[in-house]
Q: 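Here it is, the structure, as structure tokens.
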Amino acid sequence: MRKSISAVSFAILVLVICFFGCSKGEVQEKKTVSASVSQKMETVLNTAEYTLYQNIFFNDMQGEYNGKPAVKQGIFTSIYDSYNGVERYYVWGYNDQTKCCDWQWELKIESNSSLPEKGSLVEVSGTYEVNEKALDKFWIINPKISVKNEYKGNDAEIDMKTMSNTLERVQIANILNSPEYFEGMSICGYGRILDEKTLEDPYYDNSWNIGISGDFEQLAFGTLVEVEGKVKDGAIADCKVSKSTNY
């Protein structure tokens, strides 16, 4: 994401997301390969990918890569862009083992009939394109997706466990600004207990947080947990909370 999305400022985040339109075009060719089921989501670490991501989105080098081939290995996921009414698909990973810095590339996908499970490790090949319809004016078109390891996660309608830190922030921004769309949806997430009413990013401070409520045992602040519940008033209600260090 550009600086505007990765910044903590919620107002700037909203303006960036609202700025772009949805994608249209021909159905893209996709290739899926059967794979063994992973018991937990893999962690993809790639410093070179993060450096490229920084150059393209922070150092304004999009034009230098426009039309060039792109090959990525990372985690597949999607978020619903409620501002533009479109599902957006991504492949992502982290810079290093601290998981404080992530990278994510948007994929231009027109048909979701043969897509991998969210959270699966995939390899994507396609072409870089500068395009106003992409959330940050830059995406990968004609993506061919091969599954390296399939992930069977939660059946929740919103699975934040399969998202990078940046994508989680975008998802929460959408929930807060389109409560009528997301209200009542099942949701799951992974993070740290910040206080008795708040879940925060599991890896570093001041990235994202979301309210939680329900009849669950209060755990010590800082405990890593999985949370399942329903979206209510921009928070996660009716929560089931369990300790976890799976991710």
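Since the structure is predicted, the reported quantities are computational estimates derived from the model, not experimental observations. Values below: every heavy atom of this structure, side chains too, minus hydrogens, waters and symmetry copies.
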Q: May I ask you to decide if Ala48's main-chain N or O and Asn46's side chain share a donor-acceptor pair within less than 3.5 Å?
A: yes

Q: Can you spot which of Tyr89, Phe57, Tyr65 makes a ring-ring contact (aromatic ring centres under 6.0 Å, His included) with Trp105?
A: Phe57

Q: Does a side-chain heavy-atom distance below 4.5 Å link Tyr190 with Asp201?
A: no

Q: Please check if the side chain of Glu226 supplies one atom and the backbone of Gly189 the other of a donor-acceptor pair under 3.5 Å.
A: no

Q: Between Trp103 (side chain only) and Leu52 (backbone N and O only), is there a donor and an acceptor less than 3.5 Å apart?
A: no

Q: I'd like to know if the side chain of Asp136 and the backbone of Phe138 have a donor-acceptor N/O pair within less than 3.5 Å.
A: no

Q: Is there a donor-acceptor pair under 3.5 Å between the side chain of Ser120 and the backbone N or O of Glu117?
A: yes

Q: For Ser178 and Ile175, indicate whether the former's side chain and the latter's backbone hold a donor-acceptor pair under 3.5 Å.
A: no

Q: Using a strict cut-off of less than 4.0 Å between a Lys/Arg side-chain nitrogen and an Asp/Glu carboxylate oxygen, indicate whether Asp102 and Arg169 qualify as a salt bridge.
A: no

Q: Take Ile187 and Glu157, measure what side chain to side chain contact (heavy atoms under 4.5 Å, CB included) needs, and give me the verdict at the end.
A: CA-CA 6 Å; Ile187 182 172; Glu157 294 165 277; over 6 Å; no

Q: Tell me if a side-chain donor or acceptor on Asn66 pairs with a main-chain N or O of Val130 at a distance below 3.5 Å.
A: yes

Q: For Thr47, enumerate each residue passing the side chain to side chain donor-acceptor pair (under 3.5 Å) test, keeping only those at least two apart in sequence or located in another chain.
A: Asn95

Q: Can you tell if the side chain of Asp96 reaches within under 4.5 Å of the side chain of Tyr50, non-hydrogen atoms only?
A: no

Q: I'd like to know whether Lys230 forms a side chain to side chain contact (heavy atoms under 4.5 Å, CB included) with Ser186, so could you lay out the CA-CA distance, the side-chain angles of the two residues, the decisive distance to 0.1 Å, and finally the verdict.
A: CA-CA 5 Å; Lys230 298 283 186 180; Ser186 56; 3.9 Å; yes

Q: Would you say Tyr128 and Gln62 are linked by a side-chain donor-acceptor pair, where the criterion is simply a distance under 3.5 Å?
A: no

Q: Do the charged groups of Glu123 and Lys72 touch, with an N to O distance under 4.0 Å?
A: no

Q: Would you check if Thr77 and Gln104 make a side-chain contact, meaning some heavy-atom pair closer than 4.5 Å?
A: no

Q: Taking everything shown except Glu180 itself, do over 12 heavy atoms lie less than 6.0 Å from its CD?
A: yes

Q: As a quick check of understanding, evaluate ring pair (Phe, Tyr, Trp, His ring centres under 6.0 Å) for Tyr90 and Phe76, giving each step before the final call.
A: CA-CA 6 Å; Tyr90 294 88; Phe76 177 80; 9.4 Å; no

Q: Please check: side-chain N/O of Lys68 versus main-chain N/O of Glu64, any donor-acceptor pairing under 3.5 Å?
A: yes

Q: Does any non-hydrogen side-chain atom of Glu183 lie less than 4.5 Å from one of Asp233?
A: yes

Q: Mind running side chain to side chain contact (heavy atoms under 4.5 Å, CB included) on Lys99 and Thr43 for me, showing each step along the way?
A: CA-CA 9 Å; Lys99 301 182 182 178; Thr43 298; 3.4 Å; yes

Q: Do the side chains of Tyr203 and Leu224 get nearer than 4.5 Å, heavy atoms only?
A: no

Q: So, do Met160 and Val227 sit near enough that their side-chain heavy atoms are less than 4.5 Å apart?
A: no

Q: Going by atom types alone, do Asn149 and Glu42 pair a side-chain donor with an acceptor below 3.5 Å?
A: yes

Q: Just checking, any donor-acceptor pair under 3.5 angstrom between side chains of Ser78 and Lys118?
A: yes

Q: Please step through side-chain hydrogen bond (donor to acceptor under 3.5 Å, both in side chains) for the pair Thr127 and Asn142, ending with a clear verdict.
A: CA-CA 7 Å; Thr127 304; Asn142 303 318; 4.9 Å; no

Q: Partners of Asn209 by side chain to side chain contact (heavy atoms under 4.5 Å, CB included), sequence neighbours excluded?
A: Thr198, Glu200

Q: How many angstroms lie between OG1 in Thr162 and CD1 in Ile75, if you round to the nearest 0.5 Å?
A: 9.0 Å

Q: Looking just at side-chain N and O atoms, do Tyr80 and Asn174 make a donor-acceptor pair shorter than 3.5 Å?
A: no

Q: Count the heavy atoms belonging to other residues, nucleotides or ligands that lie under 6.0 Å from CG of Asp215, then report whether that count exceeds 12.
A: no

Q: Taking Glu106 first and then Arg88, would you say they form a salt bridge - that is, a charged N and a carboxylate O separated by under 4.0 Å?
A: yes

Q: Would a 4.5 Å heavy-atom cut-off, applied to side chains only, mark Gln171 and Ile158 as touching?
A: yes

Q: Dump the intermediate steps for side-chain hydrogen bond (donor to acceptor under 3.5 Å, both in side chains) on Tyr83 and Asn177, then the final yes or no.
A: CA-CA 8 Å; Tyr83 298 94; Asn177 284 275; 3.1 Å; yes

